Structure formats: structure tokens, C-alpha cells
Amino acid sequence: MFSPATRKSSHFTSSSSSTQKDHRNLGRESPTTPVASENPTRLPPSSSLAIPNRPTTGTPAPWIPRLSVLARLPSGNKTDNEGDVDPVHVGEFPEELRNAQASFLQKNVPSDKRISGGIDRGTSLSWIVYENQLFIWSYLSPAASKHCIVVEIPSSVSERRGNSTHFNDGNAWMVCIIDWNSTSKKKYRQQSNSMGIIMCNKKSQAIIYWPDIYSESGNSPVFNLASYDGSDGAFSPADKKTTPNSQRQRSRLGSSYLVEKGCFNSFIASAIPGIWHKCVALAAGSDGELWRFQCSPNGIGREKVPLDFNILSMETSDGSRDLIGKGYPRSLIWGYFEKSNRQFLLLTGHEIQCFNICLDSDQDISKIWSHEIIGTDSDLGIKKDLAGQKRIWPLDMQIDDSGKELTVLVATICKDRVSSSSYTQYSLLSMQYKPGVTISFENIEPIRERVLEKKAPVQVIIPKARVEDENFLFSMKLRVGGKPSGSAIILSGDGTATVSNYWRNSIRLYKFDLPWDAGKVLDASVFPSIEDGEEGAWVVVTEKAGVWVIPEKAILCGGVEPPERSLSRKGSSNEGAAEQEKRSLAVGGDIAPRRASSEAWDAGQRQKAVFTGTTRRTAQDEESEALLGRLFHDFLSSGQVDDSLEKLRLSGAFKKDDETNVFTRLSKSIVDTLAKHWTTTRGAEIVAMTIVSSQLLDKQQKHHKFLQFLSFSKCHEELSNTQRHSLQTIMEHGEKLAGMIQLRELQSTLSQNRSNGTGNSYSNTSDEMAGALWDLIQLVGEKARRNTVLLMDRDNAEVFYSKVSDLEEVFYCISHQLQYIIGEEQPMNVKITRVCELSNACIVIIRTAMQYRTERESWYPVPVGLTSWYCQPVVRNGLWSVASFMLELLKESGNWKEKLNLHSHLEQMTDVVLKSYSGANTAIIERGEEHKGLLDEYCGRRDELLNSLYQHVKDFVDDKYHHPTEGVEESKEDDLRKFSEPLLSIARSHEGYETLWKICCDLHDSALLRNLMHASVGPKRGFSYFVFERLYENRQFAKLLRLGEEFQEELTIFLKQHKDLLWLHEVLLNHFSSASKTLHVLALSQDNSAASGTEEGADPGLMKWGPSLADRKRLFNLSKIAAVAGKDVDYERKTKRIEADLKILKLQEEIIELLSDNEEDQAIRHGLIPARELIKLCLDGNTPELSLRAFEVFAWTMSSFRQSNRGLLEECWKHAAEHDDWGGLYEASIAEGWSDEQMLENVSETVLFQASRRCYGPLAETYEEGFDAVLPLRQEDADLQIVKDPASSVEGILMQHKNFPDAGKLMLTAIMFGKVGAENISEDQTCTPME
């Protein structure tokens, strides 16, 4: 955001002068990255001496570093224990937005047509505009994708009008959200279900209003376009005027930030109390105007507010008048409100003004007060006309939640009196309402007294920063209210977000940054806190990476002090940078730039790839590094190491295990050395093959000497034991250097082929310095050059081949600039040639690194948990970008010759991509970290690549079969086998089981299938398990079981989930006891999962209940037969259990028949009913027959079941006692005077008698223990411990019966005669048991 001080250079020097000074460079026609424009084109290098798409300003001169100060500082101030103070990801984009984002990115929209986005603090809603769609969602919702609202911007608003491009500028929209359920300023409340949306286009002044996005009736927009006749004073695009400078140059932030007449700067809206779906909006224009919009579902009224904003002017050198307040007023914000009156504040070029709007039918606006913040009195704000001041710009203004404190972001252009250079000073001005000042809403009159006062002295954020144009300055936005208390966040149009915090008596700056390309920061707000009135953490919405929260600790620990000097190099690894930049300032300002810049690479400046940060180093580190350098120099001279290990230990060289480790830094300095005799001005000639290759080989030799020094001095062993990461990084430097050497050889070969005319031609030129690889080298080299001031005078290719340790930048560039490198407008054959060239480069780098590692495996530390550099996300993303683009071309191309060449390269690329993912997966699993996401990504991309490649092989073989070549007689199967062989090897190495299966099936090669099953073992039990799954899904059960002969254990493991086939496999293996157990479990299964394979012809309506009762009976019988055949030690008990289950099954059939008149559902008729449920059905049936069946079910269950369901057994006895009229029997026995024989005869017909005989009689049969073990018949038979329990016996249960006092003797007689058995009672035993 902020850049160091610079000397004003002549950006508009004559083109002829610039051309002459750059002629030596342009002779080689070095390709450069074009500036993002509305219609990007890529001209061939030989079209002319002028570099195509070159910006008018050219490449920044060495004394104008484009990288901001803040971009260099934060990474250098973090310590080792600050891993828990990084930004926290709180929400992904909704699915609808991600889909639109993917579609948007594919269209290669120019940089000045990017998206708009923001966060509404009051509602916690985020919004983003992509093209003609507005996406709105709550970033607090755990399932944002389910609550995303997508509204279409009317085509009549978004389409182009004449020569105007305002209407389709994606980043020109401002959005206000109206909560119809609340007009209060309560910060945190539940999400409203009624929201209105107002959109305003900054340039076209178009207004769109959706009354209620959550209702169908209110989701239709109304809109208002600016008038073209000027009758109402509205902006007319046809009459729009621009300054000469705006015609000659473009803002680096895009056209949406140009300060022009007719542009809106700020936009606010408020609901009108008491009127549903009606609101008022205000917009401040850069031409000193204020507009009021009355919005309702019926339309939008537009009206210019006749107010005088006191815009100052001055006379310019040509005698014309220029507005000092050009671009003002701005920063509309709401203030106090009460009922139908609401205040709003407005920032002009020198003061703050406050107005009141009556939210009634007229919406009258009146001025209340104004306060000058830039004047001659420093107590009021900022004092002007000081020595060195040239211009003061109030940029943005915000108010806190209490509505009492105002914060203004101010930029002051100053001139250094010593060096005469200009610089910008950024500061924050804090104002507050004076105590005792009250504003009455009943009688609103202008206030003459001072309303505001300075809360604190002006806080200078950056003392000296580079001078920016007004377009960039006005792109800055200020936000206040987040943690730490008193902090503020500054958003810049280039997409950066910087938190300013006054801490420990100094200003600290924290830059929001992610280790991957998150795009621009679109807006910032405050994360809602739990308690009202409490400040929340800062939350930002990014262009690509969703919503993030910046913890308070991150700002406190990660903040850095602003540089005190304009050219501070704090945090840089280049010690001489400051002196070099000072010397550069002495150079004249009209030196023509040497190279074409790469504005397409601006995104790379904002977001560095991995491994580019530097950390703060201590004096001990410096001493250790100096000692190591001397010892290594002595080793190179004499070959002796002396007592190097002990000396280095004492110096603390082994204390750090990261990039600050002195061994790692020395290794990095070796591979990144910039040779002295490369410092020439001969342009592209500097990268001649012999020079570059020689220097790279010299580096490799020196790095190998360094490894020898580590080995001889025993430092290698120490690093291997205590600093594994450092040793890994040192060895990776050797890998990258070897890869860079091979990449240089590849470039040399390609250049030689082009010069000889034997390579593929991109255009009519035979320039050696051409092609995709050369363009890639230029992009990466230019980024590294522009990031380091000391390299600004070097050639891009020179820098590229020097920065060996930053080889990851190659893949970062590929992932972000692939479309430009390939050339979207190029014909298909050129695209294929260029992408193949890039794939060759990637393959050469990665395979060389892998070979280096293989050959020197003993030098590496234990690899457990360590991730290689070519397995890092930045490398994987670059590799995948190339591979996915090749897939697209493979589908689009119609020329088989081109497709075969592309297919061959893609096969090799696939192997490299998958090896990179495989290494990353292995490391993350070894570290015990969450790996599901990465594993799913790996598997998904693996299957996509392999399936596409194999489909292409099949298509080619089919085409060849239908169009045979004369004299060539090969079968279709032979061709398929030959062309699929490389793919088979890749799929086998990376567990591409789907592809292996397809190849074996298409070749009808069972021997190959079996060999692969034996060889392939993966995380999911290997290829054999995959084959079993496919055969089972295809219902090829015979083939599946035949494989079981060869893969016995593997199939047994698989069939544990499919018991319908497991018993067959066990029978085939003569495992009869296991088969009996499987069949028994299968017969008792409660669902249809086990029988899914055996019921192919079953009724779908009955399949949900599993096997039928007849099927279960057959399974029980088979289980019994298998148990007898197995005859293990326990087979008799198993047989009895099976027989008991058979009897329960038979009882279920009988019970179903007895319940048939009740029309129970099919679950009772066809499904297996658990014993407990079956007993309950019997009790619910409430018939004597069903009650007796309940005792039968109990009899054949296990004794543990009877014990655990004793309460249910008691219920059965209670039901049995209710089926007979014991009161009537008692009265009959008294009236008729029954004898013992008559009593026995009458009670033997009762249910109690029959139940007692079934459970306790001499012929009673049960499984395992009898009923006595659970519920004795008589009270005296119960255990002493439970004798007090009234339900401890059948007698005790009957004693609770209502008729027991009278008929108790009859009841007990019935159960006792049932136990003895009526047939066993002789005539002399006819006395009742109770006697």
C-alpha cells in the first residue's frame, strides 16, 4: 500500500529518446508481460522494434522501487513462537459464488474490470459483484452456500452505452444493505429475513434497488440511469471530460479510480421509518455535488441537493483555475439519529461538514455545522503551510460505534529539503465531540460554535513513503472499531490491507497476508463480538480466499514499526540495499527505462510465493555466519576442517532449525550468487549458453564442496540429528541447482532448434530468444528483479538463473500467468507446442530434483514428516495448471498427430503431478495432521488425468481400427496394449485402480489382472479389494468366488461386508464352522444389506424387509448342516441354538396367523421380528392363545434374555391371570361346593394352569436354564435377598391381582397343578396344594 520516497521521474519523456536508449535491449525483442487492458493482445516479437503492450511509463527505474515498504517488513518481524497468531479462516465463498468466480477467471477479464465486494457491518452480510450478478451471504453462517442470495443486475444497466465503458466495470459498484426489521444501530442481532439492496455505479451514476431480496415479490429490481440531456443536472456520459493526463496515462489501479467529473465517491442509504420498503440514499460526487435518491418499489427519484460545500480553487501555471477540492466531497457516513431525523457527515478537501436529513416524505436536508481540519490552527486539526508541505489530502473518514469519535486518514505530500525529493506522509487524525455540546433534533439550527476537538495528537503512520498519484490516494479506504482497541485498518486500491495500532508508545503496522494468492482484499469490517459494546477482531473479505479474521494477538505480535527513513531496508536480506538506493537517488530523473514492465505480474508482487520471507537475525547469528564463512573458505583453500564443529557449536550455529540457520543461509548464498562478470549491459546476450551454463556448473561444484565440508567436519551428522529442516533445505538447494542446470540445457536445445529451423515455429521469426519457456523465464526473472532494488539494472534472464533458491516461483508464475504465456489468441497447434514446452520444463525440473535425491539419499536427513519443495502447494498448483490446460487442449484438438504429441507429454506430466501429490500426502500423514482434504484432491486429480488419458488411447485405437494403414496388420487388442502400457505403469504406481480395471477388462487379460492384484497394495487394501468391489457391483459372483481360490484372505476380508457370499466362500475353503456362524448371522439379520446379492428376482416391495421367513428357515437349516459338518468342539451347543431360533421363527409364523385379522403392516408379515417385539405383539393381541405364545417365545430365548427382560415376563403372567374370571370361578366353587377333582378339572382349563405347565411342568422344554432361575413359582423358592420384592415369584405377582384375596387359593392351585402336571396326580393326591 505505502511505498518509500521516490524522486519524481519523467514518465512522459519522448518516445524516440526512450527507443534509442533501449535499442540494445530491443534488438533481442525480449518478450514482456502485457499491461492488462480491455482487449489484451499479444503481438509476435518480430512485429516491430517497439515492445508490444508496453505501458507508457516503462519499467520503473531502479530508484523507484515498486514494492511497498510494508510488503517487505511484516515477514521479518515474526518469531518462532508466533505460529498461533496467523489470520483465521472463517468462511469459504458460497458454492454459487465459487462457480461464478471460476467462470469469471476463465474469461481473462482485464485488471481494471475486476470485481467489487464488501462487508456490511450492521448485518454481517458480505457481497461481491461478478459481471452482472450480485452475490450476498452471511459470513457468520456455518453453511453459507445454503443462504447465498444471487440477484441479476438488469442488462439495461450493465450493458455498454456508446463508447462508454462505465456500465460494465466490475469494480465500480457500491452497495448499501437496508434491514427492514430494524432501523436501530444495535450491532449484533439475529440475521434478518427482510433486506433491501441499493447499488450505485461510481461512474455511470446508475442506481438499482431491490426492495426485499428474501421475498419473491420484492426481488424484482427498479433502477434509475443518469439523464443524458442534463435537464435535472444529472451526469451525462456524453459530456464527460477528462484531463490531458488521464488521456495519456492509466492508473495502475484501473479506470474505476480516476478522479473525474461525474464520479460518485461515497454512497449511504437509510430506511424511512414507518414506511415499508421505502428508503433514501445519498451520494457524494467528485465534482462537488450531493445527490439524493428516493427509492421505493415503484421507482427511484433522483435529485441534486443544492448545497455549497465551499470548494477551494487555485490558479495554475497556465492561468486556468484548478480545484483544490477535485475529488471532493467524499466519505459520507451516518451520525446521530432520532425518530425521523438523522445526521450524516461529509468530508471535503479541508473540513468536516454535518447535515441533517428529515426522513419524512420530503427528505429535507439542512446543514448543522462544519469544522475545519486543515488550516492555520493546529489545535483544530492539521496545520497547513508548514515548511516542506506541498499538498494535504484528506482521504477517508470513519466514525466509531458510539458516534462520538471521528478518524480521518490524511496523506501529506512533502519535499525533503536536503535531497529535494518528494515523499508522502500518511497519518491518522482523531477528532471527538467537545464535552457539553448537545444537538437538538426538535429545532435544528446551524451551530456556530466549535463542535469537535482533537482527541489525540496526529498519529503518523508512515513518515516517508513514495509519492502516489491522486487516483491511488483516493482508492484508500479507512475502517475503525476493531481489536486492538483504537486500531484502524487501511485498504488500498491495489488490494492490500494494513492495520495501524498505537502500541507501546509507537505506531505498529501489520499487513494482512496469506502464503498463497488470495487476490485483493475487497473490504474489511469488525467481527461481531459476544457482548454488545465490546470491540471485535478485524475481518476481511478477499477476492479469492473467502473471509478471514485477524486476531488481536497477530496484530500485537506481528506488527512492525514504520520506517524512519524513506529508503529503509529493514527485513531485507540484502545488506547493501540502502546504500545502493541512496546512490541511485543521485542519478538524474530522466534516464529511460531499460525493459518493458510486466503489469500482468502485479499480482505476484502482492502475494509472494513460499520461502521468500526473511526473519530477524541477531548479532550471534551474524557472528556464527561469519565464522562459518571463514571456515568454509579455509576448507576450499587447504582442504582442512580443523576443529570446525566445536567452534560452530560454541558460536550457536546449531540453535536454529529454519531459514535463519547459518548453514542454510550460506548454502542459499552459494546457489543464489550473482556472478561479477554477468554485470553487463549487453541485454539478452548475457544469457548465452556458455556463460550461463558455466556459472551454474561453478555454483554446483561449490555447493558440492560445501556438502563435503559439512561431512568432513561432522556438521552434517549434527544437522541430521538436531536440525533436520535445515539440512533438508540445504540438500534442496542442490536439487534446485541441478534442475536449473537441466532447464538451461533445455532452453539451449530449444533455441538451437529454432535457429536451425528444426523446431516448431511459433511465428515467422527464428529468434533464439522466443517461445513459452523464454517468456516464463522473463516473467519470473522480472518479478525477482523488481522485488530487489539491487537487481533492477540486471537482465530478467540473468536474475532468473541467479535466484536458484526461489525456483518455486516458476510454478507460481505458471499457475497465475499460464493463459498469457500460452497465448489465448494463438491457433491450436501453437498452443499445443507452447504448453508442451512448458510441460517439458516442469518435467525436467522435478525429475532432475528427484534423481538428485535418489543419487544422494544417504546425505538427506530422516524424511519422516518432511515435505520436499516440489511437493509444496505452490509447485503442485503450477503443475496442475499445466496438466489441466493440456487436458483441455486434448479434448479440443481434432488433429490426431498433434493429439498424440500432446498425449505423450501429458503422460509424463501426469506422472510428475501425481508424484508431487503423493509426496505431500505421505509427509502430512507422517506428521499426523489432517489429510483428508489433500487426499481427496490427489485422488480426484489422479482419476481425472488417468481416465482422460485412457479414453484418448481408446479413441485413438478405435480410429486406427476403422482407418487401417496399408501393410500394417495389428489387432485392435495389440494396439490397445501397446499404447496403454505407459499409462498402466503410471496407474500402477499411483493406485489408479479405476484405470487398471478398465485396461484389464478391455484387454480381457485375467492373467494381467491377477498379477496387478498381487503387486498393488494401497491404503484401501490394494487393487484386489477394488476388483472385488467391481465384481460385486456388476453381480459377477461366480468370477468373484473363483478369485477367492487365489486370494483367500483378501476375499474373506472383503466379504465380511457381504455375508450373503461369505458363507459360500467359506464352504469352498472347507471352513464349515465359520460358514455355519455366517449363515446363522445372515438368518438373523434385520436388514436387506446382507441379502442384496441373492435376491435379484425378489419383489422390490418386499426387499426392504430383508429375506423372507422361508428364506431364513433355509438359512437356519444350512447353518445347522454346516455346524454338523464342521463338528468343532462347540458344535452341539451351536446346533441347539439354531434349533431354538428355528422354533422362534415357527412361533412368529403362528403369531402372524393369529394376528392376520388385525391387518398388521408388512414388517410383521415378512420381516424378522426380535423376540422382545414378538412378545409385546402377543401381549397387545390380548388373547389366551397369544399370551401362551409369549411364554413359548421366552422358553426358546437365551437365559440372559429372560434375565434382562424379567419385567416383561412379569407382564406376561399378569396378562395370563386376566384371561379368566377368577371371581366367577370362586363364587361357583362356593355355590356348587366343588370337590378337589372338580377344582382340578376347572382350573386346568385356565391360562394360568397352561402357562405354569409350559414353564414349570415336568415336560417343559427351554433353552439353557429354566424359568426357575429367573422367576420362581412359589414365594418360598425365591432367594432371601429378593424375598421382600412382591414380584419375586409368580405367586407374588398373583398376589397383586384384584381377585387374589378371594380366589387366591384357586390361582395358586392352578399354577401348582400346572407344575406337577394333572396327569401325574393320583386319586389320593387330589388335595389342593394349598392344604
Side-chain angles (χ1 to χ4, degrees), residues 1-12 35 55-61 63-73 111-112 171 243 245-246 248-260 263 265 286 324-328 330-331 349 382 388-396 408-416 419 421-428 460-478 489-498 500 509 511 520-521 562-563 565-568 581 585 589 593 597 599 602 605-606 786 789:
M1 182 188 75
F2 306 113
S3 300
T6 61
R7 169 173 294 180
K8 278 280 191 176
S9 62
S10 178
H11 285 187
F12 306 105
V35 176
T56 56
T57 57
T59 301
W63 60 89
I64 310 178
R66 303 292 288 178
L67 200 61
S68 68
V69 172
L70 293 182
R72 294 197 297 256
L73 296 187
S111 59
D112 61 344
N171 57 355
T243 63
N245 283 348
S246 66
R248 288 187 295 172
Q249 68 177 19
R250 297 175 59 89
S251 169
R252 64 188 177 105
L253 302 176
S255 60
S256 65
Y257 290 104
L258 295 178
V259 181
E260 301 168 291
C263 290
N265 298 322
S286 59
I324 292 180
K326 183 177 66 171
Y328 295 97
R330 57 196 314 109
S331 301
I382 298 178
Q389 280 187 355
K390 297 175 62 177
R391 187 74 179 273
I392 302 176
W393 297 86
L395 302 180
D396 197 11
V408 183
L409 175 64
V410 181
T412 305
I413 311 299
C414 304
K415 185 175 183 180
D416 194 309
S419 62
S421 62
S422 296
Y423 61 91
T424 304
Q425 183 181 90
Y426 294 94
S427 56
L428 292 177
V460 177
I461 302 176
I462 293 289
K464 292 185 178 182
R466 62 167 293 157
V467 175
E468 306 284 359
D469 56 23
E470 60 188 18
N471 309 319
F472 183 83
L473 294 178
F474 282 139
S475 73
M476 295 183 184
K477 295 183 290 185
L478 177 68
I489 191 167
I490 299 97
L491 307 172
S492 179
D494 61 1
T496 59
T498 305
S500 170
L509 300 177
K511 183 185 177 189
K520 292 184 177 182
V521 175
R565 300 185 60 83
S566 60
L567 295 177
S568 171
E581 290 187 15
L585 284 174
S597 64
E599 294 299 328
D602 279 347
Q605 286 189 354
R606 298 190 306 270
R786 294 174 64 183
V789 176

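All of these numbers come straight from a predicted model, not from anything done at the bench. Note that these values count all heavy atoms, side chains included, but never hydrogens, waters or copies made by symmetry.
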Stepwise side chain to side chain contact (heavy atoms under 4.5 Å, CB included) check, D396 with L491: CA-CA 10 Å; D396 197 11; L491 307 172; over 6 Å; no

L409 and L428, any side-chain heavy atoms less than 4.5 Å apart: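 A side-chain contact exists here, since the closest heavy-atom pair is under 4.5 Å.
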
Test log, rule side chain to side chain contact (heavy atoms under 4.5 Å, CB included), inputs S427 and I461: CA-CA 5 Å; S427 56; I461 302 176; 5.5 Å; no

Return the minimal non-hydrogen interatomic distance between [X] and [Y], and the atom names on each side.
X	Y	result
K390	S422	NZ-OG, 3.2 Å
F474	P394	CE2-O, 4.2 Å
T424	E468	OG1-N, 4.0 Å
L478	I490	CD1-CG1, 4.2 Å
L395	R330	O-NE, 3.3 Å
F472	S492	CZ-OG, 3.1 Å

CD1-OG1 distance between I489 and T496, expressed to the nearest 0.5 angstrom: 9.5 Å

Point-to-point distance, once rounded to the nearest 0.5 Å, from CD1 of I382 to OG1 of T412: 5.5 Å

Trace of the side chain to side chain contact (heavy atoms under 4.5 Å, CB included) decision for Y426 with L473: CA-CA 10 Å; Y426 294 94; L473 294 178; 3.6 Å; yes

Aromatic plane relationship, Y328 with W393 - under 30° parallel, 30 to 60° tilted, over 60° perpendicular: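 W393 vs Y328 ring planes: parallel.
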
